[in-house]
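Read through the structure below, which is laid out as structure tokens, and then see the notes.
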Amino acid sequence: MDIAVPALASRPTRARARWRICLTYWWRHGRLPALDDPRTFTELVQARKLDGADCDMVRMADKVIAKRIVTERLGRDWIIPTLWHGTELPAVAPWPTPFVVKARHGCNQSVFVFDEHGDWASVRRRAAGWMRSAYGHWLDEPLYADIPRGLLVEPFVGAPPVLPVDYKFYVFGGCVRYVQVHLDRGGRHRWVLFDSQWRRISTANADPDPAPPQTLGTMILAAERLSDGRDFVRVDLYEIGGRPLFGEMTFYPGSGLDPFSPASLDAELGAHWLRARQASLEPLRAVA
């Protein structure tokens with residue numbers, strides 16, 4: 001199949017990124033993204049990759065600095081404690097199990113250590129591999145290149161070995177519009193999308209709708225406060241024993257490569273993003 005990629009930008013590095021983005025998007029979605037006039041959510045994520053990242057985006061995505069931001073805006077009670085952070089794991093793990101090892105500068109880079117009899121040497125090798133490479137280059141997610149490479153260790157939250165339910169709040173222009181609920185992350189991982197009133201909007205399946213978290217209202221307010229009024233950011237939270245906890249913030253959910261079901265949700269989320277972007281530009285036009 002011939003692929004007609006839209007006109008390339010003048011800078012060679014941007015041109016190569018544009019080609020890669022078009023090809024990976026076509027591979028996942030079966031069509032090319034409208035990078036010059038993005039309308040869907042997944043297209044807007046691709047356009048954001050090409051636009052680059054500002055310093056605040058980098059700080060918000062940095063797993064170490066993000067905790068400082070959350071402490072300042074919400075308080076220390078929202079933070080999962082950091083047991084250690086650095087660049088090389090020690091030869092022997094000194095922390096009580098269970099705990100989690102994560103990369104500071106990437107996504108989907110984590111290992112759960114449930115007992116002291118685990119293969120610590122294997123964990124160290126995986127973490128060393130994270131340190132050798134800059135996350136995000138292969139999917140053209142530039143902000144991760146500006147986060148210092150590092151590792152951190154946190155206590156496991158919840159009831160091991162079951163991973164906690166992950167609540168991902170889609171915040172447009174400082175307003176939560178959707179909550180993506182990730183279930184059975186350690187097994188048959190799947191997700192369900194709700195609106196802010198906890199009405200399922202993703203395609204029905206065999207799963208019954210999970211009950212909303214007890215602290216849903218508090219979590220929505222927290223996500224909106226952390227978003228800093230940006231046109232879009234996703235804020236990930238947990239609820240452990242009735243207590244909300246911060247996970248992370250991201251600006252490229254699924255790298256914009258995960259399809260929505262029904263497909264119409266892609267345009268619906270994109271419309272919210274475009275309205276938020278338009279609203280953010282109105283004060284600038286008034287000054288001009």
Side-chain angles (χ1 to χ4, degrees), residues 3-7 9 14 17-54 56-57 60-61 107 136 139-143 166-182 190-204 220 223-224 226-236 248-285:
I3 302 175
V5 179
R14 184 178 171 88
R18 192 177 176 102
W19 271 101
R20 287 191 299 267
I21 285 170
C22 285
L23 289 172
T24 55
Y25 191 91
W26 171 78
W27 166 63
R28 289 292 288 164
H29 295 285
R31 61 184 176 85
L32 290 171
L35 295 178
D36 297 317
D37 186 25
R39 292 288 159 183
T40 68
F41 180 85
T42 56
E43 288 175 339
L44 286 159
V45 173
Q46 310 312 315
R48 171 174 273 178
K49 294 180 192 178
L50 283 175
D51 289 341
D54 60 48
D56 285 338
M57 290 170 66
M60 293 166 75
C107 296
L139 288 176
D140 294 285
E141 299 172 332
L143 74 80
D166 198 353
Y167 300 98
K168 300 180 183 295
F169 292 79
Y170 283 60
V171 193
F172 298 93
C175 182
V176 168
R177 298 292 184 182
Y178 306 96
V179 187
Q180 192 179 53
V181 184
H182 285 245
R190 68 269 190 206
W191 56 263
V192 183
L193 192 66
F194 293 88
D195 66 14
S196 59
Q197 303 301 311
W198 210 256
R199 294 175 296 220
R200 180 199 280 248
I201 60 171
S202 57
T203 301
I220 287 175
E224 291 176 345
L226 290 175
S227 74
D228 202 27
R230 289 186 165 271
D231 55 8
F232 170 73
V233 63
R234 197 191 74 196
V235 179
D236 299 356
E248 64 180 356
M249 289 181 275
T250 184
F251 291 90
Y252 314 122
S255 203
L257 298 176
D258 292 338
F260 287 93
S261 179
S264 58
L265 286 176
D266 200 359
E268 181 179 322
L269 270 70
H272 282 295
W273 191 335
L274 290 170
R275 282 193 291 269
R277 177 178 293 177
Q278 182 73 16
S280 69
L281 295 175
E282 287 174 359
L284 299 177
R285 293 195 183 97

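All residue numbers in this chain count up from 1 along the given sequence. The structure displayed is predicted, hence computed values, not measured ones.
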Smallest separation among heavy atoms of Ala276 and Gly173, with atom names: CB-N, 3.5 Å
Heavy atoms, side chains only, cut-off 4.5 Å: are Leu269 and Phe232 in contact? no
Side chains of Lys49 and Ser255, donor plus acceptor under 3.5 Å: yes
Write down the atom of Asp195, the atom of Gln197, and the distance for their closest heavy-atom approach. OD1-N, 2.9 Å
Any side-chain to backbone donor/acceptor pair from Arg28 onto Leu257? Under 3.5 Å, distance only. yes
Does the side chain of Arg230 come within less than 4.5 Å of Asp54's, by heavy atoms? yes
Where do Tyr252 and Leu143 land on the side chain to side chain contact (heavy atoms under 4.5 Å, CB included) test, with the steps shown first? CA-CA 10 Å; Tyr252 314 122; Leu143 74 80; 3.7 Å; yes
What is the distance from atom OG of Ser227 to atom CZ of Phe169, rounded to the nearest 0.5 Å? 12.5 Å
Taking Ser280 for its side chain and Asp231 for its backbone only, find out whether a donor-acceptor pair lies under 3.5 Å. no
Minimal heavy-atom distance between Val233 and Met249, with the atoms involved, is CG2-CB, 4.3 Å
What is the minimum heavy-atom distance between Cys22 and Leu35, and which atoms define it? SG-CD1, 3.8 Å
Minimum heavy-atom separation for Gly256 and His29, please, with both atom names. O-NE2, 3.1 Å
Measure the shortest side-chain to side-chain distance between Arg18 and Ile21 over non-hydrogen atoms and say whether it is less than 4.5 angstrom. no
Is the shortest side-chain heavy-atom distance between Trp273 and Val45 below 4.5 Å? yes
Student check: side-chain heavy atoms of Asp236 and His182 closer than 4.5 Å: no
Between Arg31 and Asp266, does at least one N-O distance fall below 4.0 Å, as a salt bridge requires? yes
Taking the side chain from Gln180 and the backbone from Tyr170, do they hold a donor-acceptor pair closer than 3.5 Å? no
So, the side chain of Arg48 versus the backbone of Phe251: is there a donor-acceptor pair under 3.5 Å, distance only? yes
Tell me the closest heavy-atom pair linking Arg14 and Leu50, and the distance in Å. NH1-O, 2.7 Å
Any side-chain heavy atom of Arg177 within less than 4.5 Å of one from Ser196? no
Begin from the C-alpha positions of Leu265 and Thr203 and carry the test side chain to side chain contact (heavy atoms under 4.5 Å, CB included) through to its verdict. CA-CA 10 Å; Leu265 286 176; Thr203 301; over 6 Å; no
For His272 together with Tyr178, are the ring centres under 6.0 Å from each other? yes
Ring-plane angle category for Phe194 and Trp198, please: parallel below 30°, perpendicular beyond 60°, tilted otherwise. parallel
Pairwise side-chain contact, Val235 with Val176, heavy-atom cut-off 4.5 Å (strictly under): no
So does Pro33 get a backbone contact from the side chain of Glu43, meaning a donor-acceptor N/O pair under 3.5 Å? no
